There are 2 protein chains.
Amino acid sequence: MNDRSNTPVSGESLLFLTDEQLRKGIEAMFFAYRGFTADPDRILDEHGYGRAHHRALHFINRTHGTTVNNLLAILGVTKQSLNRVLRTLIADGLVESRVGRTDRRERNLYLTEAGRELERALSEAQRERMRAAYRAAGPQAVAGFRQGLEAMMDHEIRRHYANLRDRRP
Amino acid sequence: MNDRSNTPVSGESLLFLTDEQLRKGIEAMFFAYRGFTADPDRILDEHGYGRAHHRALHFINRTHGTTVNNLLAILGVTKQSLNRVLRTLIADGLVESRVGRTDRRERNLYLTEAGRELERALSEAQRERMRAAYRAAGPQAVAGFRQGLEAMMDHEIRRHYANLRDRRP
DNA sequence: TTGGAGTGTCAACAAGGCTGACTTAAAATA
DNA sequence: TATTTTAAGTCAGCCTTGTTGACACTCCAA
């Protein structure tokens with residue numbers, strides 16, 4: 001329809017992309033994300049949880065002792081929405097909420113042993129999928145894959161992500 | 001925790017990936033998908049639609065005259081769920097549903113001019129994001145990006161995707 | 001002509017988003 | 001010290017989008 005030409009993406013060129021090529025990328029993104037979440041979704045379902053729980057577990061595990069406000073910023077949801085999820089995770093003994101030491105208004109969040117166990121099962125499924133994808137795509141594709149993903153994030157979120165990356169214990 | 005080593009992914013090696021590297025890939029996937037849907041989400045919101053409407057518009061546009069059953073298979077939702085979305089799109093005059101000519105039980109779905117217009121706005125936002133990502137990642141990353149995404153899909157879905165790709169008019 | 005496929009619709013429910021209003025406790029500040 | 005702001009939690013209510021289950025209609029094909 002609006003395709004400019006049939007010129008493919010050539011090695012080192014100025015990057016002419018047809019609408020057709022872009023459409024394929026868009027659909028690949030859609031289907032890939034579905035594949036990416038499929039395995040955890042099955043595990044979560046067995047426990048009566050959803051993706052929202054997975055996200056919370058992931059980021060609490062990744063930044064031990066993070067505060068509720070911090071989590072809100074990363075996840076980009078409302079306090080009420082997150083609270084509903086956190087409440088069940090705490091009630092089920094997967095997450096522990098401790099009053100902050102320096103600022104007693106804050107709550108620091110930690111995974112319990114049970115929480116770590118579920119998180120490990122979820123992330124292992126996802127890591128395995130990621131490994132398989134990397135294997136299938138080949139070593140030379142790995143860098144390009146990550147670069148493409150990072151370039152697609154919103155800038156502020158990418159900053160967030162970069163900060164998180166460095167702040168690791 | 002379970003990191004095997006600090007050995008990075010090396011050019012042509014056997015692909016040893018640390019858990020840390022995999023975790024970064026997992027988070028990149030999460031944040032990238034959010035960026036990927038952010039622009040269309042804003043447009044959809046102005047029209048009172050959601051992502052479900054976007055998906056329907058996309059695949060009807062992409063395979064003109066597709067049947068409801070076809071769409072169900074691609075989207076992976078229930079008939080009832082899709083029907084709710086289709087009903088509003090038809091009522092709003094964005095989608096036309098014509099009784100099948102060869103099999104009058106089937107309905108063939110088409111975008112109206114208004115439907116094409118919205119679809120174009122949505123996909124243009126997404127294409128622009130994709131172009132920017134490719135530009136930022138650089139030409140040598142483009143192939144790797146697509147390969148990584150395709151390798152992450154479920155196999156049956158990838159077949160679907162491949163078929164769709166070839167069946168284009 | 002009958003069975004089954006494709007489609008549509010009704011009802012009811014759940015997850016997980018949202019807004020708005022309000023409380024409590026603690027920290028920061030005037 | 002008194003006041004304001006901040007962090008967290010909660011209640012109520014709404015929306016979208018997913019789910020089941022039941023059922024009706026059309027119409028093709030055996």
Side-chain angles (χ1 to χ4, degrees), chain A residues 30 33-34 37-38 40-60 65-92 95-110, chain B residues 30 33-34 37-38 40-60 65-92 95-110:
Chain A
F30 170 64
Y33 194 74
R34 206 155 71 182
T37 54
D41 280 355
R42 271 188 287 274
I43 298 173
L44 288 160
D45 201 53
E46 293 166 15
H47 294 252
Y49 293 138
R51 279 186 206 171
H53 300 85
H54 185 185
R55 291 195 281 267
L57 289 173
H58 176 97
F59 285 105
I60 293 171
T66 189
T67 64
V68 172
N69 249 1
N70 239 309
L71 215 46
L72 287 178
I74 296 172
L75 296 177
V77 296
T78 59
K79 173 174 67 160
Q80 294 89 329
S81 213
L82 175 60
N83 193 252
R84 185 165 33 193
V85 166
L86 274 184
R87 205 161 24 183
T88 72
L89 290 175
I90 291 169
D92 295 352
V95 168
E96 194 188 347
S97 163
R98 296 187 208 145
V99 171
R101 274 191 306 171
T102 58
D103 185 337
R104 294 172 42 84
R105 286 172 305 181
E106 295 181 342
R107 298 294 128 80
N108 296 116
L109 302 169
Y110 301 88
Chain B
F30 171 65
Y33 195 75
R34 204 153 73 182
T37 54
D41 280 355
R42 272 188 288 274
I43 298 174
L44 288 160
D45 201 53
E46 294 166 15
H47 294 253
Y49 294 136
R51 277 185 207 172
H53 300 84
H54 184 184
R55 291 195 281 268
L57 288 173
H58 175 97
F59 285 105
I60 293 172
T66 189
T67 64
V68 172
N69 243 7
N70 239 310
L71 216 46
L72 287 177
I74 296 170
L75 296 176
V77 297
T78 58
K79 169 174 72 160
Q80 294 87 332
S81 208
L82 175 59
N83 192 253
R84 186 166 33 197
V85 165
L86 276 183
R87 206 161 25 184
T88 72
L89 290 175
I90 291 169
D92 294 353
V95 167
E96 194 188 344
S97 164
R98 296 187 209 146
V99 173
R101 272 192 304 171
T102 58
D103 185 338
R104 293 169 45 83
R105 287 169 305 180
E106 294 183 340
R107 299 289 180 282
N108 295 116
L109 302 169
Y110 301 89

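Remember, predicted model here, so these are calculated numbers, not experimental data. Every chain is numbered from 1 and lettered A, B, ... according to where its sequence line falls, protein lines coming before strand lines.
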Kindly list each side-chain donor-acceptor pair under 3.5 angstrom involving residues 76-89 of chain B, sequence neighbours excluded, with atom names and distances?
residue: Thr78(B); atom: OG1; partner: Ser81(B); partner atom: N; Å: 3.3
residue: Thr88(B); atom: OG1; partner: His53(B); partner atom: NE2; Å: 3.3
residue: Thr88(B); atom: OG1; partner: Val85(B); partner atom: O; Å: 2.9

Side chains of residues 41-51 of chain A: which donor-acceptor pairs under 3.5 Å do they make with residues two or more places apart or in other chains?
residue: Asp41(A); atom: OD1; partner: Arg51(A); partner atom: NE; Å: 3.2
residue: Asp41(A); atom: OD2; partner: Arg51(A); partner atom: NE; Å: 3.3
residue: Asp41(A); atom: OD2; partner: Arg51(A); partner atom: NH2; Å: 2.9
residue: Arg42(A); atom: NH2; partner: Asp39(A); partner atom: OD1; Å: 2.6
residue: Tyr49(A); atom: OH; partner: Asp92(A); partner atom: OD2; Å: 2.3
residue: Arg51(A); atom: NH2; partner: Thr37(A); partner atom: OG1; Å: 3.1

Quick one: which protein N/O atoms are closer than 3.5 Å to N/O atoms of nucleotides 9-12 of chain D? Pair and distance per line, please.
residue: dG9(D); atom: N7; partner: Lys79(A); partner atom: NZ; Å: 3.2
residue: dG9(D); atom: O6; partner: Lys79(A); partner atom: NZ; Å: 2.3
residue: dT10(D); atom: OP2; partner: Asn83(A); partner atom: OD1; Å: 3.2

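Taking atom CG of Asp45(A) as the reference point, atom C1' of dT19(D) lies 11 Å away to the nearest angstrom.
Between Phe59(A) and Phe30(B), the ring planes are tilted. Angles from 30° to 60° get that label.
Here the options are Arg105(A), Arg107(A), Arg101(A), the test is side chain to side chain donor-acceptor pair (under 3.5 Å), and the partner is Asp103(A); only Arg105(A) passes.
Residue Asn69(B) is the one, among Arg101(A) and Asn69(B), whose nearest nucleotide of DNA chain C lies closer to the 5' end (criterion: closest heavy atom).
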Quiz prompt | Letter per nucleotide, 5' to 3', of nucleotides 25-30 of chain D [B base touched, S only sugar-phosphate touched, - untouched; heavy atoms, 4.0 Å] | solution = -BBS--

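Of all the heavy atoms in Ile60(A) and Leu109(A), the pair that sits closest is CG2-O, 3.7 Å.
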Quiz prompt | Working for side chain to side chain contact (heavy atoms under 4.5 Å, CB included), residues Asn108(B) and Thr67(B) | solution = CA-CA 5 Å; Asn108(B) 295 116; Thr67(B) 64; 3.8 Å; yes

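Of the residues in residues 49-56 of chain B, none lies under 4.0 Å from DNA chain C by heavy-atom distance.
Across all strands, Gly76(A) comes closer than 4.0 Å only to sugar-phosphate atoms, never to a base (heavy-atom distances).
Judged purely by atom type and a 3.5 angstrom limit, Arg98(A) has no side-chain atom pairing as donor or acceptor with the backbone of Gly65(A).
When DNA chain C is scanned 5' to 3' for any atom under 4.0 Å from a heavy atom of chain A, the first and last hits are dG16(C) to dA27(C).
For Thr78(B), no side-chain nitrogen or oxygen approaches OP1 or OP2 of dG18(D) to under 4.0 Å.
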